[in-house]
Amino acid sequence: MSSRSSPFILSLPKAELHLHLEGAIDPATLLELWQKHGKEGTLAEVEQLYRYADFNGFLMAFKAVTEDLRTAEDYELVTYRLMEKLKAESVLHAEVYVSVGVCLWRKQDFDRIFEGLERGRERGERDFGVSLLWIFDAVRQFGAEAAQSVFELAARYRDRHVVGIGIGGDEQKGPAELFRDAYAYAADQGLRLTAHAGETAGPESIWGALNLRAERIGHGLTAWQDPELVEELTTRQIPMEICISSNLRTGCCRELADHPVRRYFDQGLMVTLNTDDPAMFRTSLAQEYQLARESFGFTDEHLRELARNSFEASFLPAEKKLNFLNLFDATVVRP
Ligand SMILES: [Zn+2]
């Protein structure tokens with residue numbers, strides 16, 4: 001994969017819709033956290049944490065990185081650093097997953113953590129002009145009750161830039177049906193709904209997410225296996241949060257050539273490109289666009305469409321979304 005992105009891609013206004021805060025912490029920042037917490041180690045040792053062989057290894061690596069997120073200040077720091085990076089690639093808006101399920105499991109004081117998150121967001125918005133909304137993510141394998149607790153916190157902070165909820169993790173151990181009541185509760189609270197689905201399980205898991213009334217699908221890698229599902233997703237223009245490098249690095253997709261991103265686009269699905277966990281997958285949003293161009297033959301015109309989709313598929317309030325789309329249309333020059 002090319003690590004250099006073209007000036008066109010770097011300057012293209014983009015939104016990112018599938019981005020985990022904890023997976024965006026680069027090794028240098030993690031080393032800083034280590035030092036802050038009196039942990040000894042070198043950058044090479046930190047980098048070792050980011051190495052894994054498969055999806056389970058990745059989940060363990062993710063967990064190891066989150067162990068060093070302890071105080072509100074830690075969360076503030078990683079949020080601010082993330083927004084700085086977004087700005088550098090013209091990512092004007094991001095909807096960022098926070099693994100609230102993991103915080104609760106660790107019995108952390110989430111109310112304090114949230115203050116740190118918000119301080120980081122406010123400073124990032126002020127210094128970099130980046131817009132950010134939070135999505136509270138529950139862990140599938142922790143079960144429905146734990147998810148309910150996560151969604152209740154999302155409802156509590158709904159007026160403070162928390163726009164929606166999601167579930168991620170092990171689709172086999174935590175099938176969508178378990179979360180029916182929790183999702184209904186979240187919808188009642190005015191939260192927007194998304195779900196990781198069809199990442200490590202088949203199309204039935206994506207149907208399951210649609211049955212939860214998920215408005216967007218995280219990954220949807222296996223949707224192509226079911227033509228009826230593809231038709232449903234296309235007709236309803238359900239946004240797909242596609243994360244190409246993620247799928248390759250976790251081994252959910254064996255070969256780059258097997259990735260369905262181009263097929264989905266040609267079939268008329270609403271495709272958006274995302275990084276998932278940019279530090280853990282050694283990518284960035286600009287690199288994902290570059291990859292789409294180099295490996296799947298997306299033209300600049302196609303990339304414009306994908307970038308526009310990213311704003312269209314956002315959970316921004318109608319007026320703000322329109323502002324972004326108007327800005328996009330005014331600044332992005334047609335060939
Ligand atoms: Zn994800």
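Remember, it's 1-based here, ligands and their atoms both numbered in the order they're listed.
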Members other than Leu17 in its cluster, when Ile, Leu, Val, Met, Phe, Trp, Tyr link by side-chain heavy atoms under 4.5 Å?
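Traced through the cluster, Leu17 reaches no other member.
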Aromatic Phe298 / basic Arg262 pairing, under 6.0 angstrom, 45° off normal
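Output yes; distance and angle both within limits.
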When you measure from the centre of the six-membered ring of Tyr75, is the NZ or CZ of Arg119 under 6.0 Å away and within 45° of the axis?
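Geometry flag: not set, cation outside 6.0 Å or 45°.
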The Zn ion (ligand 1) neighbourhood, protein N/O/S only, threshold under 2.8 Å:
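Checking every protein N, O and S atom gives His18 NE2, His20 NE2, His196 NE2, Asp276 OD1.
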For residues 127-137, the side-chain hydrogen bond (donor to acceptor under 3.5 Å, both in side chains) pairs (sequence neighbours left out) are Tyr80-Asp127, His93-Ser131, Glu118-Trp134
Using the ring of each side chain (for Trp, its six-membered ring), is His20 parallel, tilted or perpendicular to Tyr97, with breaks at 30° and 60°?
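Aromatic pair His20/Tyr97 classed parallel.
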Side chains of residues 142-149: which donor-acceptor pairs under 3.5 Å do they make with residues two or more places apart or in other chains?
unit_1	atom_1	unit_2	atom_2	d
Gln148	NE2	Glu152	OE2	2.9
Ser149	OG	Glu145	O	3.2

